[in-house]
Peer 1: 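Before anything else, here's the structure in question.
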Amino acid sequence: MPALDSTTPITSELIAAHGITPAEYQHIRDILGRDPNITELGMFSVMWSEHCSYKNSKSILRLFSKMNAELPRQEHLLVKPGQENAGIVDIGDGFAVCFKIESHNHPSAIEPFQGAATGVGGILRDIFTMGARPILLMNSLRFGDLAQPVSQRLFRGVVAGIAHYGNCMGIPTIGGDIYFDASYEGNPLVNAMALGIIKKDEIVRGAAHGIGNPVYYVGATTGRDGLGGAAFASKELSEQSHEDRPAVQVGDPFMEKLLMEACLELLKTDALVGMQDMGAAGLTCAGCETASRASTGVEIDLAKVPRREPGMTPYETLLSESQERMLVIVKKGKEKEVEDIFKKWDLHAVKIGEVTRGDKYRVLDGGKMAAEIPAKALADDGPVYTREEEKPAYLVEAQKLDLAAVSEPQDFSAVLKRLLAHPSIASKAWVWQQYDHMVRTDTVFYPGHDAALIRIKGTQKGIAVSTDCNSLYVFLDPLEGGKIAVAEAARNVVCSGARPIGVTNCLNFGNPMKPEIFWQFHSAVSGIIESCKALEVPVTGGNVSFYNESPQGAIYPTPTIGMVGLLENIEKRVPSAFRNEGDIIFLAGETFNELGGSHYLMIEHGLKQGLPPRLDLAREKALHQFILAAADGKKLVSCHDLSEGGLAVAVAECCLRSRDGLGAEMKNFDGVRKSQKGLRADALYFGESQSRVVISVKPEHQKDIRNLAQKQGVALYEIGKVGGDVLILEDRVRLTIREMTNLFEKTIPNIMERQ
């Protein structure tokens with residue numbers, strides 16, 4: 001698109017190029033009482049894009065707030081979905097946690113390093129703009145088949161970008177999840193999550209209160225990088241998407257580190273009124289949102305904005321998404337105090353405007369009017385659509401599965417080896433070894449556990465975090481897949497001994513204009529709500545990422561769940577791996593003949609079909625109560641969730657992640673088989689029935705464990721003992737720890753080193 005300035009005529013072609021429909025353009029004319037100029041058209045374009053306005057998803061997202069209102073313990077949710085940049089949950093003793101997950105998918109597809117790096121930078125600003133100090137990072141990543149060179153290139157670049165930004169910021173990246181599937185070829189998913197700690201009485205709001213209060217621009221200079229990034233994220237990827245490379249921001253983590261420290265220092269003064277990140281839609285978004293939240297006006301002069309490129313037009317300055325910038329509302333009379341803080345940190349702090357009466361976001365350029373729009377019209381009053389829904393036709397065939405036609409394997413050991421060597425299951429150490437996961441010295445459970453765990457300095461508390469979503473389940477049954485995504489993320493947190501306290505989500509789907517995609521989206525959200533309601537966990541906010549389609553088609557629907565849990569006493573934490581020779585191994589939960597959507601079915605039989613396992617939420621909740629009671633009584637040595645690859649993979653991981661390379665012998669599955677008549681051996685070993693964990697306990701605690709399980713109504717089966725250097729499952733599996741380690745640990749490094 002050529003340079004746009006005040007002389008550019010508004011044509012129907014230009015309106016369409018900005019993603020504005022004829023009806024939306026007429027609505028803009030009605031709001032303004034006139035035609036917009038080119039700068040105003042650009043402002044409406046980014047703020048009414050799906051990325052900023054959620055115009056195609058807002059009608060469904062409102063269901064989260066409705067659900068939250070029906071949950072107990074409302075007082076713990078201090079900042080609710082949509083109110084601010086991130087959600088905040090009370091954790092007691094005057095502290096709260098601030099957390100959010102967001103996508104940076106399209107930028108990462110075009111420029112994997114910078115796309116992922118700036119995704120990390122953006123989510124960190126969402127946290128410290130609330131006044132919270134970020135203490136951890138997580139991520140959830142999806143790529144195409146890792147055997148393909150393009151997937152290897154994207155994988156390498158994204159991981160390097162995440163590592164670069166987080167490591168330079170000095171914030172540990174302590175966990176996440178990674179899957180590889182052909183549906184993501186050409187459209188990887190890069191979902192970044194951050195969590196910070198804040199005192200309840202120090203929460204900062206992004207609102208422009210106080211008529212006459214100065215509006216300050218702080219941080220880095222503004223350039224042309226990231227121009228129109230929000231609009232770029234609101235359309236499908238195509239063969240021409242490489243031309244949108246200028247829409248990808250360029251990050252500087254060292255600058256952001258200075259900005260974070262300066263903003264947190266400013267928080268300790270009484271000079272701060274409000275603060276807002278200049279993320280998606282840049283100055284346009286920051287200005288109109290702060291005004292809208294306070295029901296005030298804001299006036300700024302672009303001539304005062306620090307710029308690093310000459311000749312930038314108002315259009316470019318307002319829509320730029322250059323990184324490491326904030327808008328700060330300051331108490332009148334406190335200007336010098338603010339300027340001194342940012343000068344100390346060698347950052348720009350320039351008064352560019354002030355809070356005004358009325359409701360207008362007024363933008364001047366050297367005193368000349370460049371744009372004048374009601375702030376709420378940009379921030380809150382964009383169009384809201386309820387799109388047409390239709391159950392996808394593919395489900396008729398995809399959900400069919402005749403188990404009688406699925407032969408059981410001749411060699412169960414060989415199947416387990418193939419599962420352990422699949423990139424989605426194999427060790428991700430190649431990834432997390434690039435992250436500094438121990439910086440700040442608060443990390444307790446490093447990557448590889450069911451949930452990451454970090455201590456809160458000066459307290460006994462710990463915070464457990466998990467990200468999760470089995471997208472094949474969602475593809476095969478969006479409602480059940482959405483339910484399972486929440487349940488498994490919660491189960492991972494519970495396995496560490498923590499109680500789930502909040503959910504953030506990143507809802508990654510294809511084009512919402514397609515009825516089958518919108519049906520997937522609505523169904524998955526309904527499933528998320530069903531699980532959150534049953535488990536009494538509020539949704540604090542998150543992100544919707546639509547238009548995740550490449551010329552090859554839409555991605556698998558991927559509603560990523562970020563689950564946060566609270567551990568009141570970190571000394572009662574429970575690791576995932578076996579620890580002691582002679583400990584007794586129990587399987588908690590029921591196993592059924594469920595192979596639909598399983599990794600076993602995909603890898604061994606080449607089938608991605610069938611109904612995924614059914615989730616009984618009452619059974620899931622009972623399992624959580626059992627684990628938490630056992631953890632609180634220090635009766636568990638280890639606890640590990642059963643997910644992809646089922647029981648065989650879970651116990652293999654318990655061995656492989658043990659400190660001493662412990663083996664295990666399990667020859668007692670009679671009780672499991674008696675509880676489910678006709679249970680297939682492959683379903684027992686590799687099926688992915690829900691609400692199950694493997695625990696190990698000291699022999700002297702087995703009676704207590706049985707009593708706790710009985711009290712909660714949880715099925716409990718003693719299946720074996722920890723010990724030796726071999727994994728034995730009846731007479732079907734016998735693998736040494738060494739041969740499993742070679743497969744599990746070396747799969748991804750071997751693939752990446754061959755490039």
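Here, residue 1 is the first one in the sequence, and each next residue gets the next number.
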Peer 1: Between His624 and Arg491, is any pair of side-chain heavy atoms under 4.5 Å apart?
Peer 2: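 Of all side-chain heavy-atom pairs linking Arg491 with His624, at least one is under 4.5 Å.
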Peer 1: Answer yes if the side chains of Thr558 and Tyr184 hold a donor-acceptor pair under 3.5 Å, and no otherwise.
Peer 2: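 Per modelled atom types, Thr558 and Tyr184 side chains form a pair under 3.5 Å.
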Peer 1: If we ignore angles and hydrogens, is there a donor and acceptor under 3.5 Å between the side chains of Ser638 and Arg579?
Peer 2: no
Peer 1: Has Lys457 got more than 12 heavy atoms of other residues, nucleotides or ligands less than 6.0 Å from its NZ?
Peer 2: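 Buried by this count: over 12 neighbours within 6.0 Å.
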Peer 1: Taking it one step at a time, do Lys621 and Asp616 satisfy salt bridge (charged side-chain N to carboxylate O under 4.0 Å, His left out)?
Peer 2: CA-CA 9 Å; Lys621 190 170 184 178; Asp616 183 323; over 6 Å; no
Peer 1: Check this for me: Lys572, atom NZ, are more than 12 non-hydrogen atoms of other residues, nucleotides or ligands nearer than 6.0 Å?
Peer 2: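 For Lys572, atom NZ is crowded (more than 12 foreign heavy atoms under 6.0 Å).
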Peer 1: Give a yes or no on whether the backbone of Phe180 and the side-chain of Ser424 come within a donor-acceptor separation of less than 3.5 Å.
Peer 2: yes
Peer 1: Determine the minimum heavy-atom distance between Gly661 and Ile737, stating which atoms define it.
Peer 2: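 Taking every non-hydrogen atom into account, O-CG1, 3.5 Å.
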Peer 1: Counting only N and O atoms by type, is there a donor-acceptor contact under 3.5 Å from the side chain of Arg706 to the main-chain atoms of Lys703?
Peer 2: no
Peer 1: If every non-hydrogen atom of Ile748 is compared with every non-hydrogen atom of Pro423, which pair is closest and at what distance?
Peer 2: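 Closest heavy-atom pair between Ile748 and Pro423: CD1-O, 3.8 Å.
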Peer 1: Roughly how far, to the nearest 0.5 Å, is OG of Ser466 from CG of Asp177?
Peer 2: 7.0 Å
Peer 1: Would you sort out whether Leu656 and Thr741 count as a side-chain contact (heavy atoms from CB on, under 4.5 Å), showing the intermediate values?
Peer 2: CA-CA 7 Å; Leu656 292 167; Thr741 298; 3.3 Å; yes
Peer 1: What verdict does the salt bridge (charged side-chain N to carboxylate O under 4.0 Å, His left out) test give for Lys66 and Glu70, after you've listed the backbone C-alpha separation in whole Å, the side-chain angles of each residue and the deciding distance to 0.1 Å?
Peer 2: CA-CA 7 Å; Lys66 182 180 178 182; Glu70 298 171 358; 5.3 Å; no
Peer 1: Check the pair Asn139 / Val190 against side-chain contact (heavy atoms from CB on, under 4.5 Å), numbers first and verdict last.
Peer 2: CA-CA 7 Å; Asn139 54 69; Val190 178; over 6 Å; no
Peer 1: Looking at CG of Leu267 and OG1 of Thr129, how far apart are the two atoms once the value is rounded to the nearest 0.5 Å?
Peer 2: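 Going from the CG atom of Leu267 to the OG1 atom of Thr129 covers 10.5 Å.
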Peer 1: Side chains of Phe99 and Met193: does their closest heavy-atom pair fall under 4.5 Å?
Peer 2: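 In contact.
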Peer 1: More than 12 heavy atoms of other residues, nucleotides or ligands under 6.0 Å from NZ of Lys533: is that the case?
Peer 2: no
Peer 1: What pair of heavy atoms forms the shortest contact from Pro172 to Met438, and how long is it?
Peer 2: CB-N, 4.5 Å
Peer 1: Ile135 and Asp442: side-chain contact (heavy atoms from CB on, under 4.5 Å), yes or no, with the steps?
Peer 2: CA-CA 9 Å; Ile135 61 169; Asp442 291 327; 5.9 Å; no
Peer 1: Please evaluate residues Glu688 and Asn470 with respect to the criterion side-chain contact (heavy atoms from CB on, under 4.5 Å), reporting the C-alpha separation (whole Å), side-chain torsions for both, the decisive distance (0.1 Å), and the verdict.
Peer 2: CA-CA 11 Å; Glu688 297 172 7; Asn470 186 316; 4.2 Å; yes
Peer 1: Is there a donor-acceptor pair under 3.5 Å between the side chain of Asn167 and the backbone N or O of Gln434?
Peer 2: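 Yes; judged by distance alone, with no hydrogens or angles, the pair exists.
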Peer 1: Hey, are the side chains of Val494 and Met563 touching, using non-hydrogen atoms and a 4.5 Å cut-off?
Peer 2: no
Peer 1: Could you check whether any side-chain N or O of Arg657 sits under 3.5 Å from a backbone N or O of Gly448, counting only pairs where one atom can act as donor and the other as acceptor?
Peer 2: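 Side chain of Arg657 to backbone of Gly448: a pair is present.
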Peer 1: Spell out, as yes or no, whether a donor-acceptor pair under 3.5 Å connects the side chain of His599 to the backbone of Gly645.
Peer 2: no
Peer 1: Testing the 3.5 Å rule here: is there a donor-acceptor pair between the side chains of Thr560 and Asn191?
Peer 2: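 Yes, because at least one side-chain N or O of Thr560 sits under 3.5 Å from a partner of the opposite role on Asn191.
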Peer 1: Between Phe744 and Glu653, is any pair of side-chain heavy atoms under 4.5 Å apart?
Peer 2: yes
Peer 1: Which value, rounded to the nearest 0.5 Å, describes the distance between Ser496 atom OG and Leu453 atom CG?
Peer 2: 5.5 Å
Peer 1: With a 4.5 Å cut-off on side-chain heavy atoms, are Phe445 and Asp450 touching?
Peer 2: no
Peer 1: Does Tyr446 have more than 12 heavy atoms from other residues, nucleotides or ligands lying within 6.0 Å of its OH?
Peer 2: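 12 or below, so no.
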Peer 1: Does Leu647 reach the side chain of Leu587, with side-chain heavy atoms less than 4.5 Å apart?
Peer 2: yes
Peer 1: Can you say whether the rings of Trp430 and Phe155 are parallel (under 30°), tilted (30 to 60°) or perpendicular (over 60°)?
Peer 2: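 Tilted, since the angle between the ring planes falls between 30° and 60°.
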Peer 1: From Asn548 CG over to Ile555 CD1, what is the distance, rounded to the nearest 0.5 angstrom?
Peer 2: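 Atom-to-atom, Asn548:CG and Ile555:CD1 are 4.0 Å apart.
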Peer 1: I need the Ser523 OG to Ile528 CD1 distance, nearest 0.5 Å.
Peer 2: 11.0 Å
Peer 1: Can you tell if the side chain of Asn508 reaches within under 4.5 Å of the side chain of Pro559, non-hydrogen atoms only?
Peer 2: no
Peer 1: Does atom CD (Glu581) have a neighbourhood of more than 12 heavy atoms from anything else shown, all under 6.0 Å?
Peer 2: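 Counting other residues, nucleotides and ligands, CD of Glu581 exceeds 12 neighbours.
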Peer 1: Before you tell me yes or no, could you show the steps for Asn492 and Asp468 under side-chain hydrogen bond (donor to acceptor under 3.5 Å, both in side chains), namely the whole-Å CA-CA distance, both residues' side-chain angles and the distance that decides it to 0.1 Å?
Peer 2: CA-CA 9 Å; Asn492 287 334; Asp468 213 288; 3.2 Å; yes
Peer 1: Within a reach of under 6.0 Å around NZ of Lys428, are more than 12 heavy atoms found that belong to other residues, nucleotides or ligands?
Peer 2: yes
Peer 1: When you look at CD of Gln460, are more than 12 heavy atoms from neighbouring residues, nucleotides or ligands closer to it than 6.0 Å?
Peer 2: no
Peer 1: Would you say the side-chain atoms of Asp583 pair up with the backbone N or O of Val722, donor to acceptor, closer than 3.5 Å?
Peer 2: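 Side chain of Asp583 to backbone of Val722: no pair is present.
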Peer 1: Is there a side-chain contact between Gln83 and Arg205 in this structure, where contact means two heavy atoms from C-beta onward sitting under 4.5 Å apart?
Peer 2: yes
Peer 1: Working note: Lys483 + Asp477, criterion salt bridge (charged side-chain N to carboxylate O under 4.0 Å, His left out); need CA distance, chi angles, decisive distance, verdict.
Peer 2: CA-CA 10 Å; Lys483 287 169 58 179; Asp477 187 338; over 6 Å; no
Peer 1: From Glu571 CD over to Arg455 CZ, what is the distance, rounded to the nearest 0.5 angstrom?
Peer 2: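 That separation rounds to 8.5 Å.
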Peer 1: Could you check whether any side-chain N or O of Ser103 sits under 3.5 Å from a backbone N or O of Asn105, counting only pairs where one atom can act as donor and the other as acceptor?
Peer 2: no
Peer 1: Search all heavy atoms of Glu256 against all heavy atoms of Phe128 and return the closest pair with its distance.
Peer 2: OE2-CE2, 3.8 Å
Peer 1: Give the C-alpha distance, both sets of side-chain angles, the deciding distance and a yes or no for salt bridge (charged side-chain N to carboxylate O under 4.0 Å, His left out) between Asp93 and Lys461.
Peer 2: CA-CA 10 Å; Asp93 299 326; Lys461 298 178 187 289; 3.3 Å; yes
Peer 1: Where do Gly502 and Val537 come nearest, in terms of heavy atoms and distance?
Peer 2: N-CG1, 3.4 Å
Peer 1: Salt bridge or not for Lys635 and Glu700, using N-O below 4.0 Å?
Peer 2: no
Peer 1: Side chains of Glu594 and Ser689: do they bring a donor and an acceptor to under 3.5 Å?
Peer 2: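 Judged by distance alone, the side chains do pair up.
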Peer 1: Closer than 3.5 angstrom, by distance alone: can the side chain of Thr504 be matched with the main-chain N or O of Ile101 as a donor-acceptor pair?
Peer 2: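 Yes; at least one donor-acceptor contact below 3.5 Å.
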Peer 1: Do you know the tightest heavy-atom contact between Met138 and Val465?
Peer 2: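 The answer is CE-O, 3.6 Å.
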